[in-house]
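Counting from 1, the numbers follow the sequence of the chain as shown.
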Amino acid sequence: MSRKRRVFDIAMPEDETVDIEPKAPSGRRGPMASAISENAEALQVRKSAAEAIRDENDALAHEFVALRDAGAVVQSIPLENVKTFLLVRDRLPGEDIELDDLVLSIKDVGLSNPIRVVPRSDGTGFELVQGFRRWSAFQRLLAETGDDIWKNIPALVMPGDPDISGLYRRMIDENLIRKDLSFAEMAYAAKNYASDPETDANSLSEAVAALFQSAPYSKRSYIRSFAYLLDQLAGVLKYPTEIPRALGVSVARAIRERPEVLQQIKGKLSDWDNRSIKDELKVLREAIGEGAERDFEDVVADTTKNASKASKGSRSKTTFHIGSSFGQIKCTASVGRLEIKVDRDFSSIDRVRLERAIADLVDGLS
């Protein structure tokens, strides 16, 4: 007996492609997939942050380089690499008495105003443009202390090829603002400017006009007179910066008009090495016929005149130096104030004696 086969009809899909990949439940991922995704997102965030920081650093670096190249960034440069050949300073040769105060200030509080330099064309360092006294103070501090802290000096490095004429004017302007230059110092600067082949001046008059453009004609005339005086008494005067304006102009005029005046001054000063400021001024006054008894009062004559002007609304201050048995005395005279600086301990002097001396000084100037 044979069995009958059963046949089942199965409906097959018309599309022969069958998706055999298992599908994850809708809206859910496995733990491993979530970890991988989160790690990738974190890496992308860190990469973006790093790129942003890199871009910002690049921008800051370019800005710093631009500012540095423009001379607007203070750099610490070796003191020994700063040369002083480019410009002839407006300071007369000899001891700078006021340098002591600057040395003490820098030693106590540091350098508040950096020097200015330009790169040397031969690549061997820098040429000093502004800050000769600051540079000199660092030189002295290094020599006296030997401390490495003074081997480098803060500086602004000015870009481009130096404009000699412009650099001279900047040097003069800075010193005129910093303090009142004496007429001898202004004359000395003008002489150096005129003799420098790199400047645009062909004569002393052109040099005075270029360096002191804002000064009135009378002041430029006084500077020219002092320049003539320095020429005639070159190597003879020991304290030219202490010569009052009126005296210097009068001596220059007398030398022009009477040649014997020059020989008289040279004869008295040439071999007198231990003379004081008072002695030198006395010789100059005698040469033009002024009374020999006028000494200290004449040194501060301009102060008296300026004090009168100041009482009418203007401000005035005069600084000068005189010799004494205790060394150089620095005096600063202004309206209502006379300051005296000398290497002496005044606190050790009996008070009654000190009061009497001060009273005599003030009464003697009345």
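- Two rings, from Phe138 and Trp135, have their centers 6.0 Å or more apart.
- Looking at Arg134, its side chain does come within 3.5 Å of a backbone N or O of Pro114 through a donor-acceptor pair.
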Where do Leu338 and Thr332 land on the side-chain contact (heavy atoms from CB on, under 4.5 Å) test, with the steps shown first?
CA-CA 6 Å; Leu338 176 62; Thr332 302; over 6 Å; no
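- For the residue pair Glu185 / Ser182, a side-chain donor-acceptor distance below 3.5 Å is found, with atom types taken as modelled.
- Without hydrogens or angle criteria, Glu280 side chain to Lys238 main chain gives a donor-acceptor distance under 3.5 Å.
- Under a 3.5 Å cut-off, the side chain of Thr145 and the backbone N or O of Leu141 do form a donor-acceptor pair.
- A donor-acceptor pair is defined here as one N or O able to donate and one able to accept, closer than 3.5 Å; no such pair exists between the side chain of Asp231 and the backbone of Tyr228.
- Under the 4.5 Å side-chain criterion, counting only non-hydrogen atoms from C-beta, Ile265 is in contact with Val261.
- If you chain together hydrophobic residues whose side chains sit under 4.5 Å apart, Leu111 and Ile149 fall into the same group.
- Residue Asp108 qualifies as enclosed at atom CG: its count of foreign heavy atoms under 6.0 Å is above 12.
- Remark: Lys107 NZ is loosely packed, at most 12 non-hydrogen atoms of other residues, nucleotides or ligands lying under 6.0 Å away.
- Smallest separation of non-hydrogen atoms from Ser225 and Ala252: O-CB, 3.6 Å.
- Hydrophobic clustering (ILVMFWY, side-chain heavy atoms < 4.5 Å, transitive): Leu104 and Val109 are in distinct clusters.
- Shown here is Glu144, whose CD atom has more than 12 heavy atoms of other residues, nucleotides or ligands within 6.0 Å.
- Checking side-chain atoms of Lys278 against main-chain N and O of Arg275 turns up no donor-acceptor pair under 3.5 Å.
- In this structure, Ile223 CD1 and Leu204 CG are separated by 9.5 Å, a value rounded to the nearest 0.5 Å.
- No donor-acceptor distance shorter than 3.5 angstrom exists from the side chain of Arg116 to the backbone of Leu128, with no hydrogens or angles considered.
- Between Leu281 atom CG and Glu286 atom CD the span is 11.5 Å, to the nearest 0.5 Å.
- In this structure, CG on Leu156 lies 8.0 Å from CG on Asn113, to the nearest 0.5 angstrom.
- Crowding of Phe346 atom CZ: a count of heavy atoms from other residues, nucleotides or ligands under 6.0 Å exceeding 12.
- Rounding to the nearest 0.5 Å places CG of Asn81 at 9.0 Å from CG of Leu79.
- Distance CD/Glu242 to CG/Leu284: 12.0 Å, rounded to 0.5 Å.
- In this structure a side-chain-to-backbone donor-acceptor pair under 3.5 Å is missing from Gln263 to Glu260.
- Between the side chain of Ser250 and the backbone N or O of Ala246 there is at least one donor-acceptor pair closer than 3.5 Å.
- Taking the six-membered ring for Trp and thresholds of 30 and 60 degrees, Tyr222 and Phe183 have ring planes more than 60 degrees apart, a perpendicular arrangement.
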